[in-house]
*Asks:* 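Structure below; questions to follow.
Note that this is a predicted model, so its numbers are computed, not measured. Just so you know, ligand 1 is whichever comes first in the structure, and atom 1 is the first atom listed for that ligand.
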Amino acid sequence: MKTVFSFMKPYKLGAIIAFLLMLVELAVELLLPFFLGKMIDDGVQNGDLNNIVMWGSIMIGLAFLSFISGIINSFYASHVSWGFAHDIRERLFRKIQEFSFANLNRFPASRLMTLFTNDVRQIQNTIFMGLRIMMKAPLIALGGVIMAFVVNPRLAIIFLITVPLLIGFLLWVLKKASNMFDRVQKSIDNVNRVMQENLAGMRLIKAFFRRDFEGERFTDANTNLRDNTRFTFRFIEASMPILLFVMNLSIIAILWFGNSQVIAGTTEVGDIVAIVNYAMRVAMAISMFSFIIMAVSRTKASAERISEVLVEEIDLLDSEDADSEQLVIQGKVEFKNVSFYYPTAKEPVLQNLTFTVNPGEKLAIIGATGAGKTSLFQLIPRLYDVTDGEILMDDKPITSYKLETLRKAIGYVPQSPLLFSGPIVENISWGKEHATEEEIIQAAKNAQIHDTIMDLPYQYQTHVGQKGVNLSGGQKQRISIARALIRKPKILMLDDSTSALDLATEARLLDAIQDDLNTLLIITQKVSTAMNADRILLLDEGKILTIGTHEELLQQSNLYQKIVESQFGKEYLNVH
Ligand code: CTP
Ligand code: MG
């Protein structure tokens, strides 16, 4: 909470000005009934036209003052609330950019989306309404009661009974509503989550014909949201008639007692008009409380959710002794007894890995699905940190490099290629700032995608839809390879990135990148790809089974023989 509202600091002055102007409006609102009473008593009752004109002019003047204050107040209130929202969005965005993979696992995308849309707006609205009218309500209720006492203490006594009664009742409503709003907020989250997963997986859902199932999932979440919201709002709305009933009773009481006092000559008519007027204003103000309660409890929840992200500790940073001068020159990678657990998991994913990849070497990593191949890759650019052991790059621990230096030396092509919406050329040059046209074309040629691009309607300017919807799987893979190649990385890491390519294209690709490359790490399911590498690492359930050339593995490993047999047939084994 505190973290979030510290973003108000730059807008303190604006908020104070808005608050002061609101006080002007408030003062006018409280003075008007008083002057109205005076006008009736001194002017209307005595038929004194001058008096009526005088009080009337004062009231018009005050109303105009209040009108001007209202406009300027509104100006500052929106300046403060929009500025606050802008700053906090900016900060959230930067914070999320810093998130490590482990941080991201804790905050699913749907939840982060809700922060930017729903939660920031909620706080922004409350700040605006707060500076505009919300803070005024309790002051009007209080001021109204005080002014009623100034006008006529004997009649105002009635307020002392009704107002505490109403406030007590409202506090009870507040407590109940706060829990209910928590539930509403969770339902909103749920709808967002299902919605997001659906949008992301629309194609899959269609392919699997899971429309009805997903439809039900959405209906459940949506109905839940409706029911929770409806119940909460009904509860709060139900409190309104009770409020008004009590307030009307007190107005009747004022008229009743006032009447007898006027007859007895102890009270003037103007006093009664003024006090009834105050009673109505107090009632209005108190009835706004339920609206304020809603806004405040929702805002509280939103602010807490935002702070959670803002205070989340980034668990993967440059280490303190990282040397900013130190660069990756050769591209030698060494694992020393490396073990790794995902933060959420109990079982280790990788256990005691020890191996070295020499500069310029091509190492293939092969292993069953779930063996830990992708996890192994992610440790090298420090997307996750090792749990145990050490990874060396050019004989120095990877933690001794700046994260930026380390990652810039690595061209990482993830398992599922992700493209951004925009022209193809931007997707490739994304890998390197200020890439020249020649560099882009060369990278595309090496990735074996240049010819395909030239056949597209707008060639390099062809627009890629969101996540590359208008490209084939293999085209996406090759564009994301081009994106990695353009950096001229010391180490290129391909995570099953040639899976959608035919053998000939794949061979041409690997051949083309040969010259530029220092070191190549390639995860693959295909023996044909693996056997072209200098050595093959066979990973099984997070452990290195063996490491060596294709021939060596054929000799040494049963599992490898089985994999080869499944892909090449029994005869191949007999021949070799
Ligand atoms: N895993 C996990 N948390 C993650 C990612 C993976 O607990 N954020 C677990 C998976 O359940 C799996 C193991 O880590 O059992 C290894 O995952 P991974 O390294 O992705 O396996 P790969 O060998 O890359 O499998 P595939 O060939 O299917 O890509
Ligand atoms: Mg994988």
*Asks:* Considering only non-hydrogen protein atoms, determine which one is nearest to atom 27 (O) of ligand 1 and report residue, atom name and distance to 0.1 Å.
*Replies:* K373 NZ, 2.7 Å
*Asks:* State whether S375 contributes an N/O/S atom found under 2.8 Å from the Mg ion (ligand 2).
*Replies:* no
*Asks:* Taking 4.0 angstrom as the limit and counting only heavy atoms of Q525, give me the atoms of ligand 1 inside it, by number and element.
*Replies:* 27 (O)
*Asks:* For atom 28 (O) of ligand 1, which protein heavy atom lies nearest, and how many Å away is it?
*Replies:* T369 OG1, 2.7 Å
*Asks:* Going by the atom numbers of ligand 1, which of them fall below 4.0 Å from some non-hydrogen atom of Q415?
*Replies:* 26 (P), 29 (O)
*Asks:* Relative to the ring of F7, is the ring of F84 parallel (under 30°), tilted (30 to 60°) or perpendicular (over 60°)?
*Replies:* perpendicular
*Asks:* Any sub-3.5 Å donor-acceptor pair from N224's side-chain atoms to S187's backbone N or O?
*Replies:* no
*Asks:* Would you say that more than 12 heavy atoms from the other residues, nucleotides or ligands in this model lie under 6.0 Å from the NE2 of H86, or not?
*Replies:* no
*Asks:* Kindly indicate whether atom 10 (C) of ligand 1 is approached by any protein heavy atom to under 4.0 angstrom.
*Replies:* no
*Asks:* Between T369 and the Mg ion (ligand 2), is there a contact where an N/O/S atom of the residue lies under 2.8 Å from the metal?
*Replies:* no
*Asks:* Do K543 and D540 sit within salt-bridge range, that is, some charged N less than 4.0 Å from a carboxylate O?
*Replies:* no
*Asks:* Around atom 12 (C) of ligand 1, find the nearest protein heavy atom and jot down its residue, atom name and distance.
*Replies:* G370 O, 4.1 Å
*Asks:* Which one of T374, I366, L376, I523 has a non-hydrogen atom at the shortest distance from atom 24 (O) of ligand 1?
*Replies:* T374
*Asks:* Within the structure, does at least one protein heavy atom fall under 4.0 Å of atom 7 (O) of ligand 1?
*Replies:* yes
*Asks:* Under the 3.5 angstrom rule, does the side chain of R483 hit a backbone N or O of I479 as a donor-acceptor pair?
*Replies:* no
*Asks:* Taking both backbone and side-chain atoms of Y342, is any N or O found less than 3.5 Å from an N or O belonging to ligand 1?
*Replies:* no
*Asks:* So if I count the atoms of ligand 1 from 1 in the order they appear, which ones are less than 4.0 Å from some heavy atom of V349?
*Replies:* 13 (C), 14 (O), 16 (C)
*Asks:* Please list all pairs meeting ring-ring contact (aromatic ring centres under 6.0 Å, His included) that have one or both residues in residues 382-401, counting only residues at least two apart or in different chains.
*Replies:* F101-Y384, F340-Y384, Y342-Y384
*Asks:* Contact between G372 and ligand 1, counting heavy atoms under 4.0 Å?
*Replies:* yes
*Asks:* Should the pair F377 and Y412 be assigned to parallel (<30°), tilted (30 to 60°) or perpendicular (>60°) ring geometry?
*Replies:* perpendicular
*Asks:* Distance under 4.0 Å to a non-hydrogen atom of S375: what atoms of ligand 1 satisfy this?
*Replies:* 16 (C), 17 (O), 18 (P), 19 (O)
*Asks:* Side chains of D388 and Y341: any donor to acceptor distance under 3.5 Å?
*Replies:* no
*Asks:* Going by the side-chain hydrogen bond (donor to acceptor under 3.5 Å, both in side chains) test, name the single residue among D394, D395, T356 that passes it with K332.
*Replies:* D395
